[in-house]
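As structure tokens, the structure follows; a few thoughts come after it.
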Amino acid sequence: MNYWLIKTEPTSFSIEDLAAAPKQTTFWEGVRNYQARNFLRAMKVGDLAVFYHSNAEPPAAVGVAKIVREAYADPTAWEKKSKYFDAKASPANPIWSMVDVKLVEIFTSPISIDELRGVPALAGMEILKRGSRLSVTPVTAAEFRTIEKLGLRATGAGPVADSRAKHRSPGRSRR
DNA sequence: GCCAACGTTGGC
DNA sequence: GCCAACGTTGGC
């Protein structure tokens with residue numbers, strides 16, 4: 001079993017969108033980078049992924065998702081209207097792949113990038129490297145466990161926040 | 001909104 | 001096959 005980190009801009013598709021999706025599952029389409037695609041292709045059913053919000057305030061690890069379907073052709077690549085359209089792709093030559101992911105948990109205590117940088121055990125993470133832009137990256141089991149533990153820690157002051165309760169469903173996925 | 005870092009493209 | 005130009009990403 002392997003562990004990953006998948007990055008998304010919450011204005012495009014957030015973990016709340018995933019929570020609101022049918023079966024809390026979505027296809028992870030739109031990856032248009034060969035290295036990231038190859039990581040998608042290496043994913044196995046049951047693998048777990050840290051769900052990370054980039055370009056957010058603050059950028060943060062916000063939960064965990066599980067791979068529920070292994071890589072298959074990403075049809076948005078040949079949909080002309082899609083923002084992920086790629087003229088070189090076709091059903092005969094899909095080029096790009098996607099997987100299906102299902103929500104496992106939303107962190108009660110999201111971990112901002114600042115905080116991630118402050119954890120020595122996470123110093124080697126790809127996402128924290130300068131100029132890192134890969135939207136799909138492997139993480140080690142130890143890194144995954146460290147992040148999940150931080151994400152689920154008790155929040156301390158005040159009533160225990162249940163982040164799930166705060167997020168009303170925005171309705172259909174905005175994709 | 002800036003801009004450094006990076007991947008991709010295309011002229012040669 | 002080099003590399004400058006360009007577009008995109010994403011933290012700040």
Side-chain angles (χ1 to χ4, degrees), chain A residues 2-21 26-43 47-65 67 71-101 103 106-140 143-144 146-148 150-151 153 163 166-167 170 173-175:
Chain A
N2 287 302
Y3 298 91
W4 310 92
L5 183 147
I6 55 178
K7 208 161 63 171
T8 174
E9 302 195 13
T11 54
S12 168
F13 188 82
S14 69
I15 198 163
E16 290 81 25
D17 292 329
L18 180 58
T26 191
F27 25 81
W28 206 254
E29 89 282 14
V31 170
R32 295 292 178 271
N33 170 286
Y34 286 101
Q35 212 181 336
R37 181 204 69 181
N38 292 342
F39 288 137
L40 287 179
R41 290 182 175 180
M43 290 176 170
D47 282 0
L48 295 173
V50 173
F51 200 105
Y52 180 85
H53 280 170
S54 63
N55 254 323
E57 191 46 56
V62 294
V64 173
I67 309 310
Y72 58 108
D74 178 353
T76 62
W78 55 83
E79 285 166 9
K80 280 225 168 59
K81 296 167 300 183
S82 171
K83 64 177 173 176
Y84 303 121
F85 177 72
D86 177 353
K88 295 193 294 298
S90 67
N93 180 29
I95 302 180
W96 303 111
S97 299
M98 62 186 189
V99 298
D100 289 358
V101 305
L103 181 67
I106 295 179
F107 288 157
T108 48
S109 180
I111 312 151
S112 72
I113 190 168
D114 278 351
E115 195 174 359
L116 290 170
R117 289 191 199 284
V119 180
L122 302 178
M125 283 184 58
E126 192 63 33
I127 197 82
L128 300 181
K129 292 181 183 161
R130 183 171 173 77
S132 166
R133 291 174 10 186
L134 271 185
S135 60
V136 181
T137 51
V139 301
T140 67
E143 288 163 349
F144 180 87
T146 299
I147 292 172
E148 189 176 44
L150 286 170
R153 81 203 128 163
S163 68
K166 282 196 298 224
H167 304 300
S173 151
R174 275 181 255 124
R175 293 182 185 230

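What you are looking at is a predicted structure, and each value in this text was computed from that prediction instead of being measured. Proteins come first, then strands; the chains are lettered A, B, ... in the order of their sequence lines, and each starts at number 1.
Residues meeting the salt bridge (Lys or Arg N to Asp or Glu O under 4.0 Å) test with A:Arg153, sequence neighbours left out: A:Glu115.
Between the CG atom in A:Asn55 and the NZ atom in A:Lys7 there is a gap of 9.5 Å [rounded to 0.5 Å]. Here the CD1 atom belonging to A:Ile6 is positioned 6.5 Å from the CE atom belonging to A:Met43, to the nearest 0.5 angstrom. A distance of 7.0 Å separates CH2 in A:Trp28 from CG in A:Leu18, rounded to the nearest 0.5 Å. Taking CG of A:Leu5 as the reference point, atom CG of A:Leu134 lies at 10.5 Å (rounded to 0.5 Å).
Side-chain contact of A:Ser54 with A:Arg133: a donor-acceptor pair under 3.5 Å is absent, judged by distance alone.
Residues of residues 89-96 of chain A having a heavy atom closer than 4.0 Å to DNA chain B: none are found. If you check residues 119-132 of chain A against DNA chain B, the residues with a heavy atom closer than 4.0 Å are A:Arg130, A:Gly131, listed by number. The stretch residues 51-60 of chain A touches DNA chain C through A:Tyr52, A:Ser54, A:Asn55, A:Pro59, each having a heavy atom under 4.0 angstrom from the strand.
Using a 4.5 Å heavy-atom cutoff, the side chains of A:Ile147 and A:Ile111 are in contact.
Taking every nucleotide of DNA chain B with any atom under 4.0 Å from a non-hydrogen atom of chain A, the first and last of them, 5' to 3', are B:dA4 to B:dT9.
One N or O on the side chain of A:Asp74 and one on the backbone of A:Gly30 form a donor-acceptor pair closer than 3.5 Å.
A pairwise comparison of heavy atoms in A:Val62 and A:Pro110 identifies CG1-CB, 4.2 Å as the closest pair.
For residues 80-95 of chain A, the pairs satisfying salt bridge (charged side-chain N to carboxylate O under 4.0 Å, His left out) are A:Asp86-A:Lys88, with sequence neighbours left out.
A side chain to side chain contact (heavy atoms under 4.5 Å, CB included) with A:Val99 is found for one member of A:Val31, A:Val136, A:Leu40, A:Asp47 and no other, namely A:Leu40.
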One pair to check against ring-ring contact (aromatic ring centres under 6.0 Å, His included): A:Trp96 and A:Tyr72. What are the steps and the verdict?
CA-CA 8 Å; A:Trp96 303 111; A:Tyr72 58 108; over 10 Å; no
